[in-house]
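A note on names: the letters A, B, ... follow the listed sequences, proteins ahead of strands, and every chain is numbered from 1.
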Amino acid sequence: MEFARRLLRWHTGVKRPMPWKARTDAYAIWLSEIILQQTRLAQGLPYYERFIHAFPTVHALARADEQAVLRLWQGLGYYTRARNLHETAKYVSERLEGRFPDSYAGLLRLKGIGPYTAAAIASFAYNLPHAVVDGNVFRVLARYTGDATDIATGRGKRHFTELANRLLDKERPAAYNQAIMDFGALVCKPAVPLCDHCPLQADCVAYHTGRIATLPVKSKRTARRLRHFQYLVFRDGNYFFIRKRTGDDIWKGLYEFPCLDTGDALPEHRVRARVRAWIGTPPVLVAGPYRQQLTHQTIVATFWEVAAPPPPELELIKVARRRLDAYPFPKVILNYLARNIL
DNA sequence: AAAGCGGGGCG
DNA sequence: CGCCCAGCTTT
């Protein structure tokens, strides 16, 4: 219990402010946790404020249409989270009378809720003894125990989850979980940890064996794919033609201009020839190429204007310039609009 | 078990 | 430029 006691003592002085801690309802906790998946607190906070204001209850969120939810999510990334958020809101609102499950196992069954989020809601909303295991916890525990088990493997996840639950203060699970995550974010940081001011330094194995910089061990490396998107901007005065992205690819559910995914780089004259063969009119290069760095892909987007009406078989949506802000777009489209249109 | 999914910040 | 961030879903 020494570990938990020191952590909680440290935490009394340096809590990070969490707006949703003012509310104890599972809805607010759940919303904040989904937003913060793989997302820094500073980046997620403004989104939480906008969501909780627009949808104060799970019923309000359930009544919204998906496009409005995605629009509010625009720019945050990992858009599957937004679609799952909406689906789960409808489920909880319509099937569970607005009440979230009050057990870890029950929470785990909901879409978009995995082991971390189930533990977070169980502890923060209901004070149940389930240890959260996120990036912070992996790092703190791997360093504290000097354990080089690969956190990217199932075995590593199981190992650190069991350890986390042994170390958990079962009398105060909510406070403990908040403390260890704040500790990972503020002291036991990834690149430049503050070991000189660390309350756990005396017992930290990695510190005493000089392995702070090499722990935790995370194997999977990121192979990054390079893709070239040619966006065709059909324009009729103040009207634009867009469509919704579908299929198993990035940005599902978001909108964009019709896109020629050429895969490899293509010389400008080849693009013009290809578009001309397709719709009879050569396009004019108007912007780009813009690079958009995703975690596993690099998108190079070039924008072409076409002085002809779009082929009907594309089934594009005709939208007035002033109405574009009702649609969710990926960042690269927003950049184009901001620099060239709006 | 491994792959895929955004965008931003930091050293 | 590479790694990381209050991870989850699909294959």
**Q** Describe the nucleic acid contact of A:Gly114 in one word from base, sugar-phosphate, nothing, applying a heavy-atom distance below 4.0 Å.
**A**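 Result for A:Gly114 = sugar-phosphate.
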**Q** Under a plain distance cut-off of 3.5 Å, with no hydrogens placed, do A:Arg270 and A:Thr262 share a side-chain donor-acceptor pair?
**A** no
**Q** Rounded to whole Å, please give me the gap between CG in A:Leu45 and P in C:dC5.
**A** 17 Å
**Q** With DNA chain B as reference, determine whether A:Ala152 or A:His296 sits nearer its 5' end, using the nearest nucleotide of each.
**A**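 Whichever sits nearer the 5' end wins; that is A:Ala152.
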**Q** Do A:Tyr116 and A:Gln37 get their side chains close enough for a donor-acceptor pair, meaning under 3.5 Å?
**A** no
**Q** In whole Å, what separates the C1' atom of B:dA1 from that of C:dC5?
**A**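 Here B:dA1 and C:dC5 have their C1' atoms 23 Å from each other.
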**Q** Determine whether the side chains of A:Arg155 and A:Thr153 contain a donor N or O and an acceptor N or O closer than 3.5 Å.
**A**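 Side-chain D/A pair, A:Arg155 to A:Thr153: absent.
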**Q** State whether A:Gln292 places a side-chain N or O below 4.0 Å from either non-bridging phosphate oxygen (OP1 or OP2) of B:dG7.
**A** yes
**Q** What's the gap between C:dT11 and B:dG6 when it is taken at their P atoms, as a whole Å value?
**A**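 The answer is 15 Å between these two P atoms.
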**Q** Could you say whether A:Arg40 or A:Gly112 is positioned toward the 5' end of DNA chain C, judged by the nucleotide with the nearest heavy atom to each?
**A** A:Arg40
**Q** Check whether any side-chain N or O of A:Gln38 sits under 4.0 Å from OP1 or OP2 of C:dC8, and answer yes or no.
**A** no
**Q** Look at the side-chain N and O atoms of A:Thr39 and state whether any lies under 4.0 Å from the OP1 or OP2 oxygen of B:dG8.
**A** no
**Q** Without decimals, in angstroms, what is the distance between A:Leu36 CG and B:dG7 C1'?
**A**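 That distance rounds to 14 Å.
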**Q** Students often mix this up, so state it plainly: with edges at 30° and 60°, are the rings of A:Phe329 and A:Tyr255 parallel, tilted or perpendicular?
**A**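 Rings of A:Phe329 and A:Tyr255: perpendicular, over 60°.
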**Q** Could you give the distance separating B:dG11 and C:dA6 at their P atoms, to the nearest angstrom?
**A**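 Nearest-Å result for C:dA6 against B:dG11 at atom P: 15 Å.
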**Q** Mark yes or no: A:Arg339 above the aromatic ring of A:Tyr290, with NZ or CZ under 6.0 Å from the six-membered ring centre and no more than 45 degrees from the axis.
**A**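 Checked: cation-pi criterion met.
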**Q** Can you tell me if A:Ser32 uses its side chain to pair, donor with acceptor, with the backbone of A:Ile29 under 3.5 Å?
**A**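 Indeed, once roles are kept as given, a pair shorter than 3.5 Å links the two residues.
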**Q** CG of A:Leu334 versus P of B:dG7: gap in Å, rounded?
**A** 9 Å
**Q** Would you call the rings of A:Tyr231 and A:Phe229 parallel, tilted or perpendicular, where under 30° means parallel and over 60° means perpendicular?
**A** perpendicular
**Q** Using a 4.0 Å heavy-atom cut-off across all strands, classify A:Gly44 as base, sugar-phosphate, or nothing.
**A**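 Nothing: the residue A:Gly44, judged by heavy atoms under 4.0 Å, touches no strand.
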**Q** At 4.0 Å (heavy atoms only), tell me whether A:Thr117 reaches a base, stays on the sugar-phosphate, or touches nothing.
**A**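 Sugar-phosphate only.
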**Q** Is A:Arg225 touching bases, backbone alone, or none of the nucleic acid, heavy atoms closer than 4.0 Å?
**A** nothing
**Q** Which class fits the ring pair A:Phe257 and A:Phe303: parallel under 30°, tilted 30 to 60°, perpendicular over 60°?
**A** perpendicular
**Q** What residues in residues 127-141 of chain A put a non-hydrogen atom under 4.0 Å from any atom of DNA chain C?
**A** A:Asp134, A:Gly135, A:Asn136, A:Arg139
**Q** Could you say whether A:Met181 or A:Gln293 is positioned toward the 5' end of DNA chain C, judged by the nucleotide with the nearest heavy atom to each?
**A**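 Closer to the 5' end of DNA chain C: A:Gln293.
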**Q** Could you give the CG-to-P distance, from A:Leu294 to C:dG2, as a whole number of Å?
**A**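 My rounded result for the distance is 15 Å.
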**Q** Closer to the 5' end of DNA chain B via nearest nucleotide, is it A:Lys331 or A:Thr153?
**A**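 Upstream on the strand: A:Thr153.
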**Q** Students often get this wrong, so: under 4.0 angstrom with heavy atoms, is A:Gln74 touching a base, only sugar-phosphate, or nothing?
**A** nothing
**Q** Establish, from distance only, whether the side-chain atoms of A:His59 and A:Ser93 form a donor-acceptor pair under 3.5 Å.
**A** yes
**Q** Report yes if a side-chain nitrogen or oxygen of A:Tyr79 is closer than 4.0 Å to either non-bridging phosphate oxygen (OP1 or OP2) of B:dG7; otherwise report no.
**A** yes
**Q** Can you find a donor-acceptor pair, distance only, under 3.5 Å between A:Gln43 side chain and B:dG8 base?
**A** no
**Q** Looking for any heavy atom pair under 4.0 Å, which part of the strands does A:Ile35 touch: base, sugar-phosphate only, or nothing?
**A**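 No contact at all - A:Ile35 keeps every heavy atom at 4.0 Å or more from the nucleic acid.
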**Q** With a cut-off of less than 4.0 Å, is there a side-chain N or O of A:Trp251 near OP1 or OP2 of B:dG7?
**A** yes
**Q** Give the rounded distance in Å between these two atoms: OH of A:Tyr176 and C1' of C:dA6.
**A** 15 Å
**Q** C:dG7 phosphate, OP1 or OP2: any side-chain N/O from A:Gln37 under 4.0 angstrom?
**A**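 False: A:Gln37 side-chain N/O out of range (4.0 Å or more) of C:dG7 OP1/OP2.
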**Q** Tell me whether the side-chain N/O atoms of A:Arg155 come closer than 4.0 Å to OP1 or OP2 in B:dA1.
**A** no
**Q** Send over the distance from A:Lys189 NZ to C:dA6 P, rounded to a whole Å.
**A** 12 Å
**Q** Applying a 4.0 Å non-hydrogen cut-off, can you work out what A:Asp249 is touching in the nucleic acid: base, sugar-phosphate, or nothing?
**A**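 Since only primed, P, OP1 and OP2 atoms lie under 4.0 Å of A:Asp249, the category is sugar-phosphate.
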**Q** Can you check the A:Trp30 CH2 to C:dG7 P distance for me, whole Å?
**A**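 Taking CH2 of A:Trp30 and P of C:dG7, I get 17 Å after rounding.
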**Q** What is the nucleic acid contact for A:Lys252, judged by heavy atoms within less than 4.0 Å: base, sugar-phosphate only, or nothing?
**A** nothing
**Q** Check every strand shown and say whether A:Thr295 touches a base, only sugar-phosphate, or nothing at a heavy-atom separation below 4.0 Å.
**A**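 Base, at least one base atom sits under 4.0 Å.
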